[in-house]
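Quick caveat, the model's predicted, so the values are computed rather than measured. Every chain is numbered from 1, with letters handed out A, B, ... down the list of sequences.
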2 protein chains.
Amino acid sequence: MNAGQQHIRGQAAMAPLSAQGSTARVRDPDATRHRILEAAFDQIYHHGYQGMRLDDVIAATGLTKGALYHHFANKLALGYAVVDEVIAGVIDQLWLQPLRASARPLAELTRIISELHQAAGHDLMTYGCPLNNLAQEMSPLDEGFRRRIDQLYLHWRKGLVEALDRAARIGELRPGVDTTRVAAFIVAALSGCIGMAKNSQRKDELLLCTRSLVEYLEQLRHA
Amino acid sequence: MNAGQQHIRGQAAMAPLSAQGSTARVRDPDATRHRILEAAFDQIYHHGYQGMRLDDVIAATGLTKGALYHHFANKLALGYAVVDEVIAGVIDQLWLQPLRASARPLAELTRIISELHQAAGHDLMTYGCPLNNLAQEMSPLDEGFRRRIDQLYLHWRKGLVEALDRAARIGELRPGVDTTRVAAFIVAALSGCIGMAKNSQRKDELLLCTRSLVEYLEQLRHA
DNA sequence: GTGAAAACAAACCGGTTGGTATGTACAATA
DNA sequence: TATTGTACATACCAACCGGTTTGTTTTCAC
């Protein structure tokens, strides 16, 4: 079954910590932990948290139970870590950083939304938004999950508010707009649009929905 | 453990089929099937399909495995039946019937949305929309679920389109509105709003979001 | 170099859970 | 009223799966 996977003895074994050399290390705890997290995210994204099997996670990494339970106390702790570390990174990379870097935040926002279907790849259509999936599944079941996911949503919306406020300052948005409320609606409506497309499995449904959302945003330009 | 639950011998045992007498029947297959479906819906709504335990379902009904597997081939068939029969009924009762019965469909639509938080009771805040929950969990995992849920969404949206068209005819809605697109957006945005409130567990978040949606609808009145 | 802790590997365990096999009481038909 | 299928109840099973225990190798501190 499991043909030789690891055991790639790196010749340079004197590197003290973390990835700095180019070759593979024999034992790199940080990298191992990272591999487990990535595999766990993948399983949760594709099967849900309750559907994730720890045996599948370690099979995907080529590690064993020993490694997994050395880095994480139990399945729940692994799930929490996926939210805090992996998913938080996705939001930061896909939303917050581009918005902060843009000179025209509102235009950038509508661009991200409009180009979602190609930017996020095929998985977005099939499996939807990782954060929303986990939220809908686990929020009612576990308070720990709910709080962490709530924190992430607040972080996301805070980034949107900053972008919208900046847009209002440079005249991209008409004054008097309740940016906090708009940000909340953007997140909610977008989650709904992605969820609908994920269910219908039709890309034009996603376009149909996001167009209404963009329309709503465009309308906020003028008085 | 299980103190006497059923075995309530009905004195009138000559009634041929289904509930017509007021007293409880000894054996009523239709009623039994209905009880199982209700309990299964409850479990799915509170724990998800994967989280539903058949032992909990039969415990809630006071029946046994024999009864369950007499009426349903397996867990999957039970899940399908919940979608087709129970959830479909909820949509019909909460949305389609009130819209059809109203003389002012758009006003009725905004009313339903605005009063969602009190109409659907406490469970909507805690557990969200039953259909959306199941869609987000099961659509990527099982094609049978996806198709049935998709059918339900189309049915729902079709009812909304009819209401919106009627609203346009009586002047409640401005002409030229793409009712198909608006209906899709309503369903998507509303699912997102409910999902967000379910995660934050704050009623004012639901109000905040639905207000934006109602605002969007109100804007469709005037040219 | 040496001891000790860290970073894994491998085998195992017990509760859970969907499903089945079998038995029995009821209900429609004749 | 005898008969036959329906509508359940009861007991049981095998696979799955999260978690543990134990053993081994690598790495770090001194």
Nucleotide [N], atom [atom2] - distance to [atom1] of [X] in whole Å:
X: A:F72; N: C:dA7; atom1: CZ; atom2: C1'; result: 14 Å
X: B:I58; N: C:dG19; atom1: CD1; atom2: P; result: 13 Å
X: B:L76; N: C:dG19; atom1: CG; atom2: P; result: 8 Å
X: A:R35; N: C:dA9; atom1: CZ; atom2: P; result: 8 Å
X: B:L54; N: C:dG18; atom1: CG; atom2: C1'; result: 6 Å
X: B:Q50; N: C:dT17; atom1: CD; atom2: P; result: 13 Å
X: A:K65; N: D:dT20; atom1: NZ; atom2: C1'; result: 10 Å
X: B:H70; N: C:dC26; atom1: NE2; atom2: C1'; result: 12 Å

Do you see a donor-acceptor pair shorter than 3.5 Å between the side chains of B:E137 and B:N133?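 The criterion, which ignores hydrogens and geometry beyond distance, is not satisfied for B:N133 and B:E137.
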Just checking, any donor-acceptor pair under 3.5 angstrom between side chains of B:S139 and A:N199?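 Distance-only check passes for B:S139 and A:N199.
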Can A:L160 and A:L109 be said to form a side chain to side chain contact (heavy atoms under 4.5 Å, CB included), step by step? CA-CA 9 Å; A:L160 286 179; A:L109 185 59; 3.7 Å; yes
Is there a donor and acceptor pair, one atom on the side chain of [X] and one on the base of [N], closer than 3.5 Å?
X: B:R53; N: C:dT16; answer: no
X: B:K75; N: C:dG19; answer: no
X: B:R27; N: C:dA27; answer: no

D:dA7 phosphate, OP1 or OP2, under 4.0 Å from B:T32 side-chain N/O: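 So the side-chain polar atoms of B:T32 never come under 4.0 Å of the phosphate oxygens OP1 or OP2 of D:dA7.
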So, is B:H71 near the phosphate of D:dC8, with a side-chain N or O under 4.0 Å from OP1 or OP2?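 So the side-chain polar atoms of B:H71 do come within 4.0 Å of the phosphate oxygens OP1 or OP2 of D:dC8, strictly under.
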Counting side-chain heavy atoms from CB outward, which of D:dT6, C:dC8, C:dT20 is closest to B:Y69?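 Of D:dT6, C:dC8, C:dT20, C:dT20 is nearest to the side chain of B:Y69.
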From the set D:dG19, C:dG19, C:dA9, return the single nucleotide nearest to any side-chain atom of A:L63.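 Output: C:dA9.
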Mind checking the OG1-CD1 spacing from A:T210 to A:I112? Nearest 0.5 Å is all I need.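 Here the interatomic distance stands at 13.0 Å.
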Checking side-chain contact (heavy atoms from CB on, under 4.5 Å) against B:L99, which of B:E162, B:E108, B:R166 comes through?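 Going through the options one by one, the only one that passes is B:E108.
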